[in-house]
Amino acid sequence: FTGLFFPAVLLAWLVCAAFRKPIILATTSAYGWEQHSHSGWLRRLKKRLLSLCSAAVVQGGHGERWARSYGVPSDGIFKPFKPVRRLFFETSCGGDGNTVLFVGRLVRQKGVATLISSLADGARDLSSARLCVVGDGVERGRLKRLVRGLSLAGRVSFLGRATDDRLASIYARSAVFVIPSEYELWGRVVGEAAACGLPIVTTSAVGCVGDLVVDGYNGFVVPPRNPK
């Protein structure tokens with residue numbers, strides 16, 4: 001279920017409860033709900049619904065802690081990881097030591113504006129860094145205007161969408177991968193970057209932190225919305 005309070009989901013819950021059938025919750029988004037403020041009665045209703053579950057299929061440690069906090073038994077929590085194509089494991093990095101890479105949709109929650117601002121804020125320390133943005137979305141125009149406003153036109157490239165084959169070669173030419181999301185349930189691209197051997201800088205708001213990225217080991221974890 002990707003929406004706990006969708007009418008069809010609530011009906012399914014009631015039918016299972018009425019006929020004493022086990023309820024297995026499979027969700028990739030429900031625990032992202034916790035990052036937003038909601039009224040107390042909605043939280044109580046959600047806790048009641050989840051307490052009826054026999055098992056839950058979630059993503060990573062964040063999802064596991066979320067399910068346990070709502071009463072799902074520990075032995076009924078399953079954490080399948082999103083697969084990464086073999087292509088990315090066969091790609092080794094070692095390209096341009098100055099290239100910072102972002103891959104994802106260009107929407108506000110991805111925090112690309114913060115990443116661009118960090119290049120300007122760290123003008124001296126990052127003077128040789130080049131940012132490569134792969135992806136497209138509604139924020140593309142605003143981000144390009146931000147780049148021009150910060151006089152970074154020669155240091156930021158927008159490559160648009162890329163096929164997996166092309167993306168693997170882009171990973172290989174990069175020095176570090178950055179995912180500056182303000183809110184991210186998992187982060188499939190982190191698995192791709194890690195498979196290619198890239199060090200990763202991620203915000204603490206990305207769901208795969210602790211599972212795919214360990215601060216100080218294969219990358220660094222920073223606060224969201226902080227260009228410093």
Side-chain angles (χ1 to χ4, degrees), residues 1-3 6 27-36 58-60 62-63 80-85 87-88 91 99-120 129-150 152-153 155-196 198-209 211-213 219-227:
F1 299 137
T2 57
F6 288 173
T27 179
T28 59
S29 63
Y31 38 97
W33 189 86
E34 302 298 331
Q35 299 194 25
H36 307 283
V58 299
Q59 292 186 32
H62 284 213
F81 285 101
K82 288 190 173 181
V84 175
R85 285 189 59 192
L87 168 68
F88 296 106
T91 300
T99 300
V100 178
L101 176 63
F102 166 85
V103 178
R105 292 181 298 122
L106 301 187
V107 294
R108 193 173 295 271
Q109 78 175 56
K110 297 296 184 177
V112 184
T114 301
L115 177 56
I116 291 171
S117 297
S118 71
L119 286 182
R130 300 292 183 270
L131 173 61
C132 179
V133 178
V134 178
D136 207 350
V138 296
E139 287 282 288
R140 184 182 180 117
R142 186 178 77 89
L143 293 172
K144 283 189 169 183
R145 289 192 296 273
L146 176 63
V147 167
R148 291 194 296 269
L150 294 174
L152 295 173
R155 299 176 57 197
V156 180
S157 301
F158 291 86
L159 301 185
R161 294 187 177 93
T163 63
D164 281 353
D165 288 340
R166 183 181 175 219
L167 184 55
S169 68
I170 294 172
Y171 281 124
R173 297 197 304 268
S174 302
V176 61
F177 180 80
V178 180
I179 179 167
S181 298
E182 299 174 3
Y183 161 59
E184 192 81 42
L185 287 165
W186 181 248
R188 176 181 56 84
V189 290
V190 174
E192 295 173 354
C196 293
L198 283 175
I200 297 160
V201 178
T202 175
T203 68
S204 54
V206 176
C208 66
V209 168
D211 292 289
L212 297 185
V213 181
F220 296 97
V221 181
V222 299
R225 306 182 187 91
N226 184 357

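Side-chain contact between Pro224 and Thr114 is absent, with no heavy atoms from C-beta onward closer than 4.5 Å. Residues Ser204 and Val209 have side chains not in contact (no heavy-atom distance under 4.5 Å, counting atoms from C-beta outward). Taking the side chain as every heavy atom from C-beta outward, Arg155 and Leu119 approach each other to under 4.5 Å. Residues Val133 and Phe102 are in side-chain contact: their nearest non-hydrogen atoms beyond the backbone lie under 4.5 Å apart.
Rounding to the nearest 0.5 Å gives a distance of 10.0 Å between CD of Gln59 and CG of Asp211. Rounding to the nearest 0.5 Å places CZ of Arg108 at 4.0 Å from CZ of Arg142. Rounded to the nearest 0.5 Å, atoms CZ (Arg188) and SG (Cys208) are 12.0 Å apart. We find the CD-CD1 distance between Glu192 and Ile200 to be 10.5 Å, quoted to the nearest 0.5 Å. Between atom OH of residue Tyr171 and atom CG of residue Asp164 there is a gap of 9.0 Å, rounded to the nearest 0.5 Å. In this structure, CD in Gln109 is found 6.0 Å from CD in Glu184, a value given to the nearest 0.5 Å.
Between Trp186 and Val206 the shortest heavy-atom distance is O-CG1, 3.1 Å. Of all the heavy atoms in Phe158 and Ile116, the pair that sits closest is CZ-CD1, 4.4 Å. Nearest heavy atom pair, residue Leu146 against residue Ser117, reads CD2-OG, 4.2 Å. Considering every non-hydrogen atom in both Val100 and Ala129, the closest pair reads CG2-CB, 4.5 Å. The two residues Gly191 and Val84 make their nearest non-hydrogen contact at C-CG2, 3.8 Å. Shown here for Leu159 and Cys132, the closest heavy-atom pair between the two residues is CD1-SG, 3.1 Å.
Residue-environment remark: CZ (Arg140) exceeds the threshold of 12 foreign heavy atoms within 6.0 Å.
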Pair Thr203, Ile179 - check side-chain contact (heavy atoms from CB on, under 4.5 Å), show working. CA-CA 7 Å; Thr203 68; Ile179 179 167; over 6 Å; no
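Each of Val213, Val176, Leu115 was compared with Val201 under the side chain to side chain contact (heavy atoms under 4.5 Å, CB included) criterion, and only Val176 meets it.
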